[in-house]
A.B. asks: 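The structure's right below; bear with me while I get my questions together.
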Amino acid sequence: MSPTSPQPPGPQLLKVQNFCVSADGIAAGEDQSLERPFGHVDPGRLFAWAGATASWPNRTDPGGTRGLDDHLVRDFHHRIGAEIMGRNKFAPLRGPWQDEEWKGWWGDEPPFHTPVFVLTHHPRPSFTLSDTTFHFLDAAPATALERAKEAADGKDVRLGGGVTTVREFLDADLVDTLHIAVSPVELGTGLKLWDTPEELTDRFHLDVVPSPSGVTHHLFWRK
């Protein structure tokens with residue numbers, strides 16, 4: 001290959017990015033509702049590090065931190081062509097859809113800017129808000145990933161959560177990289193990603209990088 005030849009595209013990866021858990025491995029609380037997407041857990045206790053960065057998309061005032069935390073927040077959309085999420089990251093509802101007029105938690109300008117595949121046992125028609133199209137799949141993880149990769153058009157796929165969905169894809173051995181931000185708080189009860197990050201080191205390399213914000217970034221990549 002000559003120096004001016006285009007580089008061949010890399011493999012499409014399934015990536016978990018900026019996924020926040022407590023020091024005891026909890027990513028979300030119990031008793032999720034429309035008013036409390038994280039159940040009894042205050043998400044501010046887990047996401048404070050990201051909200052303090054200069055690149056936090058919901059920032060309304062100038063300033064914010066730079067450095068490692070900001071780099072990881074800024075990298076959230078890099079080379080991402082589609083997202084997969086569980087139904088409860090889209091809405092707190094269980095069972096058949098009661099109101100298809102309600103378009104989820106994400107408002108008229110969802111932050112994804114890609115196709116999003118919502119896993120549910122109760123599919124509904126796709127719809128588009130701004131530049132994000134939501135598709136609803138009753139599918140196994142491998143099938144959902146195949147659909148998402150096709151829609152991503154050569155780019156990577158982000159596995160957005162929640163914790164149950166991340167665990168399902170880990171159990172199916174489909175995840176290529178994970179960035180887990182561990183906040184220095186203990187929540188006691190809720191939905192756990194792990195008891196200890198070493199649970200994943202049979203399949204993944206792990207770098208652990210502390211940040212001045214108090215969080216510890218756990219960076220996993222497949223062996």
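Here, residue 1 is the first one in the sequence, and each next residue gets the next number.
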A.B. asks: Do the side chain of Gln12 and the main chain of Lys155 share a donor and acceptor less than 3.5 angstrom apart?
C.D. replies: yes
A.B. asks: Please write out which residues are connected to Trp221 in a hydrophobic cluster, directly or through intermediates, given that two of Ile, Leu, Val, Met, Phe, Trp, Tyr count as joined at side-chain heavy-atom separations below 4.5 angstrom.
C.D. replies: none
A.B. asks: Evaluate the side-chain proximity of Val208 to Thr216: yes if any heavy-atom separation is below 4.5 Å, no if none is.
C.D. replies: yes
A.B. asks: Could you work out, with side chain to side chain contact (heavy atoms under 4.5 Å, CB included) as the rule, every residue matching Ala172, not counting sequence neighbours?
C.D. replies: Pro141, Leu174
A.B. asks: We want to know whether Ser213 and Ser211 form a side-chain donor-acceptor pair, criterion being a heavy-atom distance below 3.5 angstrom.
C.D. replies: yes
A.B. asks: Which heavy atom in Thr114 sits nearest to a heavy atom in Gly81, and how many Å separate them?
C.D. replies: CB-O, 3.5 Å
A.B. asks: Tell me, do Leu46 and Val185 make a side-chain contact under 4.5 Å, heavy atoms counted?
C.D. replies: yes
A.B. asks: Hey, could you give me the CZ/CG distance between Arg158 and Leu13, rounded to the nearest 0.5 Å?
C.D. replies: 13.5 Å
A.B. asks: Less than 4.5 Å apart, any side-chain heavy atom of Ile180 and any of Leu193?
C.D. replies: yes
A.B. asks: So which pairs with a foot in residues 123-150 pass ring-ring contact (aromatic ring centres under 6.0 Å, His included), sequence neighbours left out?
C.D. replies: Phe90-Phe134, Phe90-Phe136, Trp97-Phe136, Phe117-His135, Phe127-Phe134, Phe127-Phe136
A.B. asks: Determine whether His179 and Val16 satisfy the following criterion, side chain to side chain contact (heavy atoms under 4.5 Å, CB included), listing intermediate values before the conclusion.
C.D. replies: CA-CA 6 Å; His179 162 225; Val16 176; over 6 Å; no
A.B. asks: Pair up each side-chain donor or acceptor in residues 59-66 with any protein partner under 3.5 Å, not counting sequence neighbours, and list the distances.
C.D. replies:
| unit_1 | atom_1 | unit_2 | atom_2 | d |
| --- | --- | --- | --- | --- |
| Arg59 | NE | Thr53 | O | 2.9 |
| Arg59 | NH1 | Asp61 | OD1 | 3.0 |
| Arg59 | NH2 | Gly51 | O | 3.1 |
| Arg59 | NH2 | Ala52 | O | 3.1 |
| Arg59 | NH2 | Thr53 | O | 3.1 |
| Thr65 | OG1 | Ala52 | O | 3.4 |
| Arg66 | NH1 | Asp70 | OD2 | 3.2 |

A.B. asks: Not counting sequence neighbours, list each pair that qualifies as a side chain to side chain donor-acceptor pair (under 3.5 Å) and has a residue in residues 137-152.
C.D. replies: His121-Asp138
A.B. asks: Would you please name every residue forming a ring-ring contact (aromatic ring centres under 6.0 Å, His included) with Phe112, sequence neighbours left out?
C.D. replies: Trp106
A.B. asks: By salt bridge (Lys or Arg N to Asp or Glu O under 4.0 Å), which residues pair with Asp171, not counting sequence neighbours?
C.D. replies: Arg167
A.B. asks: Do any pairs count as a ring-ring contact (aromatic ring centres under 6.0 Å, His included) and have a residue in residues 50-83, sequence neighbours left out, and if so which ones?
C.D. replies: His77-His113
A.B. asks: Atom OG1 in Thr177, atom CG in Leu219: separation rounded to 0.5 Å?
C.D. replies: 9.0 Å
A.B. asks: Determine the minimum heavy-atom distance between Ala139 and Leu119, stating which atoms define it.
C.D. replies: O-CD2, 4.4 Å
A.B. asks: Are Asp42 and Phe47 close enough that some pair of their side-chain heavy atoms sits under 4.5 Å apart?
C.D. replies: no
A.B. asks: If hydrophobic clusters are built from ILVMFWY residues whose side chains come within less than 4.5 Å, do Trp49 and Leu178 share one?
C.D. replies: no
A.B. asks: Looking at Gln17 and Asp75, what are the two nearest heavy atoms and their distance?
C.D. replies: NE2-O, 3.5 Å
A.B. asks: Are Phe19 and Val166 side-chain neighbours, meaning at least one heavy-atom pair lies under 4.5 Å?
C.D. replies: yes
A.B. asks: Strictly distance-based, threshold 3.5 Å: is any side-chain N or O of Arg222 a donor or acceptor partner for the main-chain N or O of Val175?
C.D. replies: yes
A.B. asks: Kindly give the heavy-atom pair with the smallest separation between Glu186 and Ala23, and that separation in Å.
C.D. replies: CG-CB, 4.1 Å
A.B. asks: Could you check if a side-chain atom of Val21 sits within less than 4.5 angstrom of a side-chain atom of Val163, using non-hydrogen atoms only?
C.D. replies: no
A.B. asks: Scan for salt bridge (Lys or Arg N to Asp or Glu O under 4.0 Å) pairs involving residues 12-30, sequence neighbours excluded, and state none if there are none.
C.D. replies: Lys15-Asp156
A.B. asks: For Arg45 and Val41, run side chain to side chain contact (heavy atoms under 4.5 Å, CB included): C-alpha distance rounded to whole Å, both residues' side-chain angles, the deciding distance at 0.1 Å, then the answer.
C.D. replies: CA-CA 8 Å; Arg45 301 183 69 190; Val41 168; 5.9 Å; no
A.B. asks: For a quick test of reading the model, state the closest non-hydrogen atom pair linking Ala82 to Ile80 and the distance between them.
C.D. replies: O-CG2, 3.5 Å
A.B. asks: What are the two closest non-hydrogen atoms of Ala144 and Phe169, and how far apart are they?
C.D. replies: CB-CZ, 4.4 Å
A.B. asks: When you measure from the side chain of Thr120 to the backbone of His122, do you find a donor-acceptor pair of N or O atoms at a distance under 3.5 Å?
C.D. replies: yes
A.B. asks: Just by modelled atom types, is the Thr201 backbone N or O under 3.5 Å from a matching donor or acceptor in the Lys223 side chain?
C.D. replies: yes
A.B. asks: Can you list everything that forms a salt bridge (Lys or Arg N to Asp or Glu O under 4.0 Å) with Arg36? Sequence neighbours excluded, please.
C.D. replies: none
A.B. asks: Is it true that, when you exclude Lys192 itself, more than 12 heavy atoms of the residues, nucleotides or ligands shown sit nearer than 6.0 Å to its NZ?
C.D. replies: yes
A.B. asks: Excluding sequence neighbours, so at least two apart, what forms side chain to side chain contact (heavy atoms under 4.5 Å, CB included) with Leu68?
C.D. replies: Leu72, Val209, His217
A.B. asks: Say you draw a straight line from CG of Leu159 to CE of Met85; how long is it, rounded to the nearest 0.5 Å?
C.D. replies: 10.0 Å
A.B. asks: Can you tell me how far apart CZ (Arg203) and CG (Leu170) are? Round to the nearest 0.5 Å.
C.D. replies: 5.5 Å
A.B. asks: From Ile84 CD1 over to Lys89 NZ, what is the distance, rounded to the nearest 0.5 angstrom?
C.D. replies: 11.5 Å
A.B. asks: Would a 4.5 Å heavy-atom cut-off, applied to side chains only, mark Ile26 and Leu191 as touching?
C.D. replies: no
A.B. asks: Check this for me: Asp153, atom CG, are more than 12 non-hydrogen atoms of other residues, nucleotides or ligands nearer than 6.0 Å?
C.D. replies: no
A.B. asks: Might you work through the ring pair (Phe, Tyr, Trp, His ring centres under 6.0 Å) test for Phe220 and Trp194, ending with a clear yes or no?
C.D. replies: CA-CA 14 Å; Phe220 300 85; Trp194 57 42; 5.8 Å; yes
A.B. asks: What I want to check is whether the side chains of Glu109 and Ser130 have a donor and an acceptor closer together than 3.5 Å.
C.D. replies: yes
A.B. asks: Decide side chain to side chain contact (heavy atoms under 4.5 Å, CB included) for Val116 and Thr133; before the verdict, give the C-alpha distance in whole Å, the side-chain angles of both, and the deciding distance to 0.1 Å.
C.D. replies: CA-CA 6 Å; Val116 174; Thr133 299; over 6 Å; no
A.B. asks: Would a distance-only check, ignoring hydrogens and angles, find a side-chain to backbone donor-acceptor pair under 3.5 Å from Arg124 to Pro96?
C.D. replies: no
A.B. asks: For Lys103, give me all partners under side chain to side chain donor-acceptor pair (under 3.5 Å), at least two apart in sequence or on another chain.
C.D. replies: none
A.B. asks: Is it true that, when you exclude Asp173 itself, more than 12 heavy atoms of the residues, nucleotides or ligands shown sit nearer than 6.0 Å to its CG?
C.D. replies: yes
